[in-house]
Number of protein chains: 2
Amino acid sequence: MSARQGRRHEQIADELRRAIADGRYPIGATLPSEAELATAHDASRGTVRQAVSALLAEGLVGSRQGARRVVLSTTPSQSFTELRSFAQWARAGGRTAGGRVITANWDTARADEAGLLQVPHAAPVLRVLRLRTLDEDPVLLERTVYAEWIAPAVAALPHDSESVTQRLYDDTGLVFAHGEHHIDAVAAGTADAEHLRLRRGSPLLRVRRTTTTAEGRPVETSDDRYSPGSVVFTVRNSTQTNPLTRSRA
Amino acid sequence: MSARQGRRHEQIADELRRAIADGRYPIGATLPSEAELATAHDASRGTVRQAVSALLAEGLVGSRQGARRVVLSTTPSQSFTELRSFAQWARAGGRTAGGRVITANWDTARADEAGLLQVPHAAPVLRVLRLRTLDEDPVLLERTVYAEWIAPAVAALPHDSESVTQRLYDDTGLVFAHGEHHIDAVAAGTADAEHLRLRRGSPLLRVRRTTTTAEGRPVETSDDRYSPGSVVFTVRNSTQTNPLTRSRA
DNA sequence: GAGTGGTCTAGACCACCGG
DNA sequence: CGGTGGTCTAGACCACTCA
């Protein structure tokens with residue numbers, strides 16, 4: 001009994017994910033009502049709602065007041081790993097990714113970083129400055145902060161690893177499951193300009209991202225700056241297949 | 001009237017968003033406890049949790065069991081997961097959107113525009129240069145090209161319409177259903193600098209977007225340039241859902 | 001009108017954090 | 001240790017959908 005039994009809502013969510021993936025609820029099918037799920041899992045309606053809202057957030061099901069929930073998608077997206085991993089994205093586009101660590105050192109988390117990584121204030125973290133190249137051109141400067149629990153595995157990697165994501169998966173089985181990306185534009189600072197071979201003040205596309213495991217445990221948070229003209233982010237969305245709305249249906 | 005009273009959790013969330021945007025809770029600050037918020041808003045803890053979880057989803061605050069919630073970001077974040085218009089997005093954050101048309105004139109579609117709008121080459125289009133403000137500050141310069149079929153409705157709008165999206169819906173029933181967004185960074189040109197009150201060469205976040213109706217009919221295509229620090233785009237993804245992809249410039 | 005999801009309440013126990 | 005967030009329950013009322 002010792003194994004972490006608790007968290008009924010996560011169990012219910014997993015059960016539903018499995019059922020959808022298995023095709024027991026194909027696209028367009030309706031899920032059982034909250035009341036039915038509550039009875040079947042011997043849980044309260046609140047717990048069932050917590051479970052279903054996770055699927056809602058993942059875009060697996062859609063929800064409308066008054067109507068049963070509908071399955072929107074059964075197949076996990078393949079392109080997530082592309083988004084997460086610079087190397088995999090480059091390879092998919094037929095280009096060659098390179099990378100090298102410029103500096104790597106232990107430090108303490110700043111307040112915002114501690115929040116993002118969900119670790120105590122001033123907890124030890126590993127800071128890595130890494131330059132990424134595409135077909136030999138420097139295009140991306142990454143300032144990544146790793147949580148303490150994963151940092152040793154990162155520190156053990158070769159400094160010129162082509163794909164950190166792949167190496168971490170091979171070495172530790174770590175899978176990046178969720179990501180959040182904040183995108184804006186900033187002017188290149190001195191270090192940015194030097195490493196990306198630009199003039200100071202050049203416009204850079206900045207992506208601040210935090211990646212977590214499937215359980216929601218934060219792994220790393222990073223400030224990535226892309227050389228202008230090297231990369232464009234594309235988003236497609238619609239009112240009908242909007243998988244990511246939260247409470248506001 | 002349209003004030004849509006009665007969703008306590010949304011009111012509480014808005015109040016917190018406003019407080020964070022105003023700097024009453026700077027980055028790194030802790031939020032009041034759930035119990036305090038519940039008392040202050042005369043709501044139950046469950047309702048407060050629903051409100052706070054929205055901020056959590058938006059990346060404004062972080063959360064760790066046992067510790068108070070921490071403010072991670074004060075910049076308003078514009079989420080693709082909510083296909084909101086600029087004005088609607090501003091209002092949701094408790095801010096005031098303004099806008100005025102600088103120039104509007106008929107022209108013929110360039111080749112790329114014709115392709116995006118799915119109209120014949122050199123078809124007539126309406127070109128509008130529009131400056132958008134947030135709490136009186138100019139933050140966004142839009143260069144929008146409207147297809148001929150919708151252009152008359154656009155041309156008839158007051159030049160200082162707060163929400164073009166809303167007005168078009170009210171006047172014509174038009175609903176923007178799908179969007180495609182390409183995001184990168186560019187340096188401010190002369191016109192950009194003048195209208196956004198920046199120096200030439202300042203980094204701007206550029207979003208080139210094309211919007212279509214539910215039937216897939218293109219309505220407009222636009223080159224939007226955001227003043228630095230005014231807006232952050234946020235994308236959440238996971239192995240299950242991936243609305244964002246990266247592509248070559 | 002019955003069913004269903006959206007919202008809300010008022011409790012409760014636990015795991016974790018901090019001083 | 002007290003405070004806090006994470007989870008859960010067992011009700012309730014409403015808005016909406018659908019047959």
Side-chain angles (χ1 to χ4, degrees), chain A residues 1-14 16 25 28-57 60-72 109 111 114-115 117-123 147-149 212 215-218 245-249, chain B residues 2 4-14 16 25 28-57 60-72:
Chain A
M1 301 310 278
S2 55
R4 65 176 294 81
Q5 182 83 316
R7 302 222 300 174
R8 322 260 281 104
H9 70 90
E10 199 53 50
Q11 294 176 10
I12 297 172
D14 278 347
L16 288 171
Y25 300 116
T30 57
L31 251 46
S33 74
E34 294 178 358
E36 287 168 3
L37 288 171
T39 306
H41 290 89
D42 192 31
S44 77
R45 198 183 148 210
T47 303
V48 168
R49 281 184 67 77
Q50 203 173 350
V52 175
S53 73
L55 304 206
L56 203 62
L60 287 180
V61 303
S63 196
R64 282 155 59 225
Q65 191 174 58
R68 285 211 177 184
R69 295 197 170 85
V70 176
V71 176
L72 298 178
L117 292 175
Q118 292 177 32
V119 297
H121 200 282
E148 186 177 13
W149 63 275
T212 68
E215 300 79 39
R217 186 177 196 188
T245 30
R246 300 271 143 188
S247 44
R248 215 191 329 263
Chain B
S2 60
R4 194 124 179 72
Q5 191 74 1
R7 292 205 300 174
R8 321 266 280 105
H9 71 90
E10 198 55 45
Q11 294 175 9
I12 297 171
D14 277 348
L16 288 171
Y25 300 117
T30 57
L31 252 43
S33 73
E34 294 178 359
E36 286 167 2
L37 288 171
T39 305
H41 291 88
D42 191 31
S44 76
R45 196 181 150 212
T47 303
V48 168
R49 280 184 67 78
Q50 202 174 349
V52 174
S53 72
L55 305 204
L56 203 63
L60 284 179
V61 304
S63 197
R64 285 159 60 224
Q65 191 173 62
R68 286 212 176 185
R69 295 198 170 85
V70 177
V71 176
L72 301 179

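A quick note: this is a predicted structure, and the numbers were derived from the prediction, not measured. Lettering of chains follows the sequences in order, A, B, ..., and the numbering in each one begins at 1.
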Among S33(B), S63(B), P32(B), find the residue that satisfies the side chain to side chain contact (heavy atoms under 4.5 Å, CB included) test when tested with R69(B).
S63(B)
H121(A) atom NE2 is separated from dG19(C) atom P, nearest whole Å, by 11 Å
Can you check the Q65(A) CD to dG6(C) P distance for me, whole Å?
7 Å
Are the side chain of R68(A) and the backbone N or O of A29(A) linked by a donor-acceptor pair below 3.5 Å?
no
For dT7(C), take OP1 and OP2 only and decide whether either is under 4.0 Å from a side-chain N or O of T47(B).
no
Under 4.0 Å between any heavy atoms, over every strand shown, what does A43(A) touch: base, sugar-phosphate, or nothing? Just pick one.
sugar-phosphate
Using a heavy-atom cut-off of 4.0 Å across all strands, would you classify R45(B) as base, sugar-phosphate, or nothing?
base
Closest to the S63(A) side chain: dC18(D), dG5(D), dG5(C)?
dG5(C)
Using atom CG of L56(A) as one end and atom C1' of dG6(C) as the other, report the distance to the nearest whole Å.
12 Å
Separation of dT9(D) atom C1' from H9(A) atom NE2, nearest Å, is 14 Å
Consider the side chain of R69(A), meaning its heavy atoms from C-beta on, and name the nucleotide among dT17(D), dG6(C), dT7(C) that approaches it most closely.
dG6(C)
In whole angstroms, the gap separating C1' of dC8(C) from CD of E10(B) amounts to 15 Å
Look at all strands and tell whether R49(B) reaches a base, only sugar-phosphate, or nothing, counting heavy atoms closer than 4.0 Å.
base
First of A67(A) and V48(B) reached from the 5' end of DNA chain C, by closest nucleotide
A67(A)
